[in-house]
Structure formats: structure tokens, C-alpha cells
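Source: prediction; values computed, not measured.
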Amino acid sequence: MSKEVRVRFAPSPTGPLHIGGVRTALFNYLFAKKNNGKFILRIEDTDQKRYVANAEKYIIDSLNWCNIPFDEGPNKNEKFGPYRQSERKEIYKQYADFLIENDKAYYAFDTAEELDAHRKDHEAKKKTFIYNWHNREKLNNSLTLSPKEVTQKIQNGDKYVIRFKTPTNRVLEMEDIIRGNIKIDTNLLDDKILFKSDGMPTYHLANIVDDHLMEISHVIRGEEWLPSMALHVLLYEAFNWQAPKFAHLPLILKPVGKGKLSKRDGDKLGFPVFPLAYKNEKTGEISRGYREDGYFPEAVVNMLALLGWNPGTEQELFSLNELIKVFDLKRVSKSGAKFNPEKTKWFNQQYLQKKSNSELTELFLPILKEKLGDDFLKNNDKKYIENVISLIKERAVFVKDFWDLGAYFFKAPTEFDPKSSKKAWKEGTTELMQELINVIEKIDDFSSENIEKHVKEWITSKEIGFGKVMQPFRLALVGAMKGPHLFDIAKMIGKEETIKRLNFAIEKLG
């Protein structure tokens with residue numbers, strides 16, 4: 001076994017990568033980088049019936065988008081390649097044969113009909129049929145057949161599987177980095193299939209052989225694989241190999257109630273459960289992705305890191321480098337972590353606030369181009385857009401929110417919010433707004449502070465409430481009762497546009 005820390009993320013290419021899988025990849029990545037080790041991607045595609053052609057590319061694109069690229073994997077630093085199990089199938093048979101030769105596994109020729117009959121017989125007696133030490137020597141396998149009969153059956157082309165011969169009467173003691181000491185009575189285990197009749201290994205055999213040959217030092221995977229740990233440890237023993245260290249991560253739970261987070265939860269509650277949008281080629285159905293919904297990868301990674309792991313401090317915002325420094329498997333929880341869509345938005349908002357206005361401007365430009373066309377962008381410099389963003393960004397969660405929050409900076413309102421209009425535009429408002437235009441026309445220094453000074457002096461001189469002017473003034477410039485400091489808006493759109501909008505409001509609402 002290599003002394004170097006080597007971990008692997010080994011997804012099946014059967015569809016889009018769920019964020020639970022992304023978190024598993026992230027924890028593997030963080031552990032590897034913390035220990036100057038290697039993060040390996042292995043594609044476990046032995047289940048050819050469920051294989052989806054574009055899923056491998058999706059997995060790789062997702063890891064790259066999250067900025068957690070693999071060090072070794074398909075078509076990259078193939079030190080222990082190939083890294084697709086379907087391309088390694090010639091390797092596994094020799095290991096299955098080794099187990100048979102050493103009485104650690106056996107050929108089973110039972111047909112589906114025979115096994116079904118046994119199950120029904122057990123059900124009738126109110127028992128559960130388990131293929132294990134209890135009945136394996138009564139069934140159709142190489143433990144009950146003579147070597148000659150076994151050879152004959154194989155030569156005849158009879159279908160068979162290779163099953164693991166689970167040791168009996170043992171209490172197996174295992175250590176999990178997260179869950180501590182685990183004890184299993186081997187008499188309760190079934191004899192799992194290691195090699196299928198189609199010539200492909202099952203997950204269990206391929207997984208152990210690949211982890212050994214790729215010198216994996218730590219297996220960090222989801223809790224759903226915890227029931228397989230005993231078989232995997234026994235397989236390492238059977239091969240006389242040193243087992244890697246195991247760590248089983250807790251489930252990501254639904255936002256409401258118990259149970260594993262699923263795509264259905266996302267569809268129902270309106271949030272993505274996949275890193276990138278995914279189109280099902282068979283059904284044409286498109287599943288939402290965090291990227292397409294406007295989330296920053298660093299916000300998604302930060303959110304996922306804190307699902308089931310805590311740093312032991314109050315800190316919530318971590319860069320990837322900070323996560324690498326503080327990550328510790330011993331601080332991963334045993335219990336499931338409830339997913340919180342609102343908290344994910346909060347993370348995105350925090351990362352949006354951290355970005356510079358020029359960076360956000362570049363991200364906002366495609367939206368402005370779509371809304372206003374190329375001509376607008378040609379006639380306006382980026383500095384103006386940066387200034388707009390500086391005024392509205394604290395209210396935004398996503399870059400796409402900038403349009404809803406500040407469209408009026410780019411085009412005048414053509415209609416006014418009815419509720420706001422009713423509240424702000426009363427008898428006498430039209431006359432006040434005409435007077436306000438006169439005040440504004442006389443202002444030479446059109447800075448926010450100076451506009452505010454002149455307008456407030458005028459209001460005070462008239463001895464009227466500020467609301468009587470400020471509300472209809474905001475309505476005229478924005479079209480609704482929203483937006484940043486009113487005089488900042490006036491300064492940004494300029495004197496001519498401010499007067500133009502006041503005149504339009506008078507015409508429309510007066």
C-alpha cells in the first residue's frame with residue numbers, strides 16, 4: 001500500500017450527478033489536498049443496462065465547475081489506467097478465479113426460477129431466504145457439485161455467477177474514521193455475487209480490486225455503502241491485501257422531514273439538486289442546475305462543505321483554500337444533514353457582495369445585452385453599470401436580480417405601480433411636481449448631495465411633509481416605491497432624464 005494519501009470518487013454514469021455525489025467528491029478532494037495527496041476519478045460503469053452516454057462528461061464538467069478537478073482519471077495522468085471499469089473487465093476474472101482456487105468463493109448455477117422457488121418456500125414458512133452459510137451447501141453450486149460436474153456445466157455454457165464464501169462464526173471488528181468501531185456477526189451476512197453471468201464483475205469485486213491496484217489509501221463514500229463495508233473488509237482479507245481506511249459520510253436529508261434529498265424534493269420546493277442543468281436524452285426532460293440558476297460555484301462548494309461537517313468555530317464563509325486547511329474527517333457528523341435551500345441563497349448573496357463591481361458588471365453584461373440590445377452597450381461605458389451595481393447589489397442574491405432591482409437606471413418607466421400611484425399621487429401632487437421641475441432646472445452641480453440639499457430646502461420653505469414630494473418623485477423616476485437613495489438615482493440618470501421622467505409622470509398620473 002502506498003504511503004501517499006490517495007482517494008477516489010467513483011460515480012456510476014447513470015444520469016446527472018446529484019449534489020450528494022458532489023459533496024462526496026468535495027470531501028475526498030479536501031482530504032487529498034490537506035494531506036498533499038491525489039484525488040482520483042474512476043468511472044464505475046459495470047452496470048451497462050443503466051449506462052447513459054453523456055453522463056461521464058457531465059460528471060467531469062461538474063467537478064471542473066466546482067473547481068475540484070481530479071488529479072488522475074479518464075484521459076488525464078493515467079498512472080493506473082484505464083479509469084473506466086468497463087475497460088478493465090479483463091482484469092477482474094483472474095481475481096475471481098483466485099478466490100475460487102483458495103476456497104474464498106464458489107460457482108453458483110442456480111437459475112432465477114430456482115431462487116424464486118426458494119424465496120416463496122421461505123415466505124410460506126414466514127422466513128426470509130438468504131443465500132449464505134445456512135443453506136449454500138443445499139443449493140445448485142460448486143460447494144455441492146463434484147469438480148467434474150462443475151467443469152461439465154461450465155463447458156456446456158450453463159450460466160453461473162461467482163459468489164463470495166462468507167466466513168462463519170466470526171465477529172468482525174472494523175474501524176470507520178467517522179463512526180468509530182463497528183462489529184458485525186458474519187453469520188448474518190449473505191454470500192454476495194462477485195461476478196455476473198454476463199462476464200462483468202459486480203460493484204463489490206471491481207471496487208476492491210481497483211482500489212487495491214490504484215493504491216487507494218482512504219475510501220471516503222456515502223453512508224449508503226456502510227452495509228457493504230463488512231464484505232469489502234472480508235474481501236481484502238481473502239486476497240491478503242491491506243485494506244484502506246474507511247469513512248462513511250452522512251446523508252443529505254430533505255429540507256422537510258426525514259429521508260434522502262431527491263430530485264423530486266427540488267422540483268416540489270423549487271431548487272436544483274444537480275450542479276449543472278441536465279437534459280435527459282430519452283425523455284427530453286431538463287433538470288435545473290445550480291450554475292444555470294445563477295449560483296456561484298464557490299457558494300455551492302461552501303454550502304456543501306458545511307452539510308455534515310463543521311469547523312468547530314462560528315465561521316461560515318470559507319474559500320476553497322481555507323476549507324483545505326481546516327478540513328478534518330473527524331469533524332464530520334454521523335447523523336444526516338438537513339438541506340436548506342434558503343441557506344444556499346444566503347451563501348450566494350455573501351459571495352456576490354464579495355465580488356468587485358467590475359467583476360459583477362462583466363457577469364451582468366449578457367443580461368443587459370439581451371434586454372437592451374447591442375446599441376445600448378455601445379453607447380454606455382462600463383463605469384456607469386459599475387456605479388449602478390454599487391447602489392443595488394446589497395439587495396441582490398443573484399446577478400440576474402440586478403435587472404429587477406435596477407432596470408430603471410437603464411430605461412425610463414412606461415407605467416407605474418398602481419398601489420404606489422394611489423398612495424403617492426394625490427390632489428395637488430401634479431402642481432408640486434411641476435414646481436419640483438423648476439427647482440431641479442436651476443441646479444447646476446447635479447451631484448446627489450447638492451440635489452438633496454436644494455430639494456429639501458425647497459420642501460422646508462413650503463412647510464409641507466417630505467413624503468408629499470419624495471414619494472411621487474421616487475414613483476416618477478422608478479415606477480414603483482423601491483430602489484436606493486432617491487438622489488443617487490437622480491444623479492445617475494442625470495438632470496435632463498430626471499426632468500423628462502417627472503414630466504411623463506405628470507402626463508400619465510396627473
Side-chain angles (χ1 to χ4, degrees), residues 349 352-353 357 360-361 364 368 371-372 376 379-397 401-510:
Q349 188 172 35
L352 185 141
Q353 305 309 323
N357 296 332
L360 292 170
T361 295
F364 187 38
L368 282 175
K371 300 283 186 186
L372 302 166
F376 171 83
N379 300 328
N380 289 274
D381 62 14
K382 288 181 183 176
K383 196 72 197 157
Y384 178 80
I385 302 165
E386 282 180 35
N387 290 336
V388 169
I389 286 170
S390 73
L391 295 174
I392 59 175
K393 79 179 202 182
E394 69 179 35
R395 296 171 184 81
V397 175
D401 294 343
F402 292 158
W403 180 256
D404 291 332
L405 289 167
Y408 52 86
F409 280 108
F410 304 102
K411 61 175 196 175
T414 52
E415 50 190 45
F416 301 94
D417 175 58
K419 200 175 171 185
S420 301
S421 303
K422 200 174 177 184
K423 187 182 173 189
W425 211 280
K426 299 198 167 81
E427 198 179 329
T429 299
T430 297
E431 290 73 23
L432 274 174
M433 292 301 103
Q434 281 166 336
E435 278 189 57
L436 176 61
I437 290 170
N438 294 333
V439 172
I440 287 168
E441 278 176 336
K442 290 172 186 156
I443 301 171
D444 292 324
D445 168 16
F446 213 69
S447 65
S448 176
E449 297 80 7
N450 204 41
I451 307 163
E452 184 171 3
K453 176 176 166 281
H454 281 81
V455 171
K456 284 188 173 177
E457 281 173 359
W458 166 68
I459 295 170
T460 305
S461 71
K462 287 191 72 69
E463 296 183 348
I464 55 171
F466 276 77
K468 282 190 173 179
V469 172
M470 303 297 258
Q471 286 186 356
F473 189 12
R474 181 175 291 278
L475 185 67
L477 299 194
V478 175
M481 289 302 176
K482 65 176 188 179
H485 188 51
L486 179 57
F487 300 103
D488 286 345
I489 299 171
K491 180 250 174 192
M492 284 291 292
I493 63 174
K495 184 172 172 177
E496 191 183 324
E497 181 66 18
T498 298
I499 292 168
K500 194 174 165 187
R501 290 188 189 189
L502 280 165
N503 276 321
F504 179 74
I506 290 166
E507 186 190 318
K508 198 93 169 154
L509 300 170

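Contact between Leu360 and Leu352 at its shortest, heavy atoms only, is CD1-O, 3.7 Å. Taking every heavy atom of both residues into account, Ala412 and Glu497 meet most closely at CB-OE2, 3.5 Å. Between Ala396 and Phe402, the shortest heavy-atom distance links the atoms CB-CE2, 3.5 Å. What you find for Leu372 and Lys411 is that their closest heavy atoms are CD2-CD, 4.2 Å. The two residues Ser448 and His485 come nearest to each other via the heavy atoms OG-CD2, 3.8 Å.
Looking only at side-chain heavy atoms (C-beta outward), Val469 and Trp458 come within less than 4.5 Å of each other. Within the 4.5 Å cutoff, no side-chain heavy atoms of Met481 are placed close to those of Asp417. Between Leu432 and Pro472, every side-chain heavy-atom pair lies at or beyond the 4.5 Å cut-off. Taking 4.5 Å as the limit, every side-chain heavy atom of Ile451 sits out of range of all side-chain heavy atoms of Thr498. Within the 4.5 Å cutoff, no side-chain heavy atoms of Phe473 are placed close to those of Lys468. When side chains are defined from C-beta on, Tyr384 counts as touching Met492, because their heavy atoms get closer than 4.5 Å. Contact check for Ile459 versus Met470: side-chain heavy atoms found under the 4.5 Å cut-off. Within the 4.5 Å cutoff, no side-chain heavy atoms of Phe409 are placed close to those of Val478.
In this structure, Trp403 and Phe410 have parallel ring planes: the angle between them is below the 30° cut-off, well short of the 60° mark.
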For this session: Show your working on side-chain hydrogen bond (donor to acceptor under 3.5 Å, both in side chains) between Ser390 and Asn357 and close with a plain yes or no.
Result: CA-CA 6 Å; Ser390 73; Asn357 296 332; 4.6 Å; no
For this session: May I have the step-by-step check of salt bridge (Lys or Arg N to Asp or Glu O under 4.0 Å) for Glu435 and Lys462, ending in yes or no?
Result: CA-CA 11 Å; Glu435 278 189 57; Lys462 287 191 72 69; 3.2 Å; yes
Exercise. side-chain contact (heavy atoms from CB on, under 4.5 Å) between Ile493 and Tyr408: does it pass, once the steps are laid out?
Worked result: CA-CA 9 Å; Ile493 63 174; Tyr408 52 86; over 6 Å; no
Problem set entry | Derivation and outcome, side-chain hydrogen bond (donor to acceptor under 3.5 Å, both in side chains), residues Ser420 and Trp425 | CA-CA 8 Å; Ser420 301; Trp425 211 280; over 6 Å; no
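At least one donor-acceptor pair closer than 3.5 Å links the side chain of Asp401 to the backbone N or O of Val397. Of the possible polar contacts, one joining the Arg501 side chain to the Leu477 backbone as a donor-acceptor pair under 3.5 Å is found. Of the possible polar contacts, one joining the Gln353 side chain to the Lys393 backbone as a donor-acceptor pair under 3.5 Å is found. Checking side-chain atoms of Arg474 against main-chain N and O of Ala480 turns up no donor-acceptor pair under 3.5 Å.
In this structure, Phe487 CZ and Glu449 CD are separated by 11.0 Å, a value rounded to the nearest 0.5 Å. Atoms CG and CG, from Leu509 and Leu475 in turn, are 6.0 Å apart once rounded to the nearest 0.5 Å. For the atom pair CZ of Phe446 and CG of Asp444, the computed distance is 11.0 Å after rounding to the nearest 0.5 Å. Atom CD1 of Ile499 sits about 9.0 Å away from atom CG of Asn438, to the nearest 0.5 Å. Of the inter-residue distances, the one linking Lys482 atom NZ with Ile392 atom CD1 reads 9.5 Å to the nearest 0.5 angstrom. One distance of note links CG of Asn387 with OG1 of Thr361; it measures 8.5 Å at 0.5 Å rounding.
Within 6.0 Å of atom CD in Glu441, more than 12 heavy atoms from other residues, nucleotides or ligands are found, so the atom counts as buried in its surroundings.
Salt-bridge annotation for Glu457 and Lys453: present, with a side-chain N of the basic residue lying under 4.0 Å from a carboxylate O of the acidic one.
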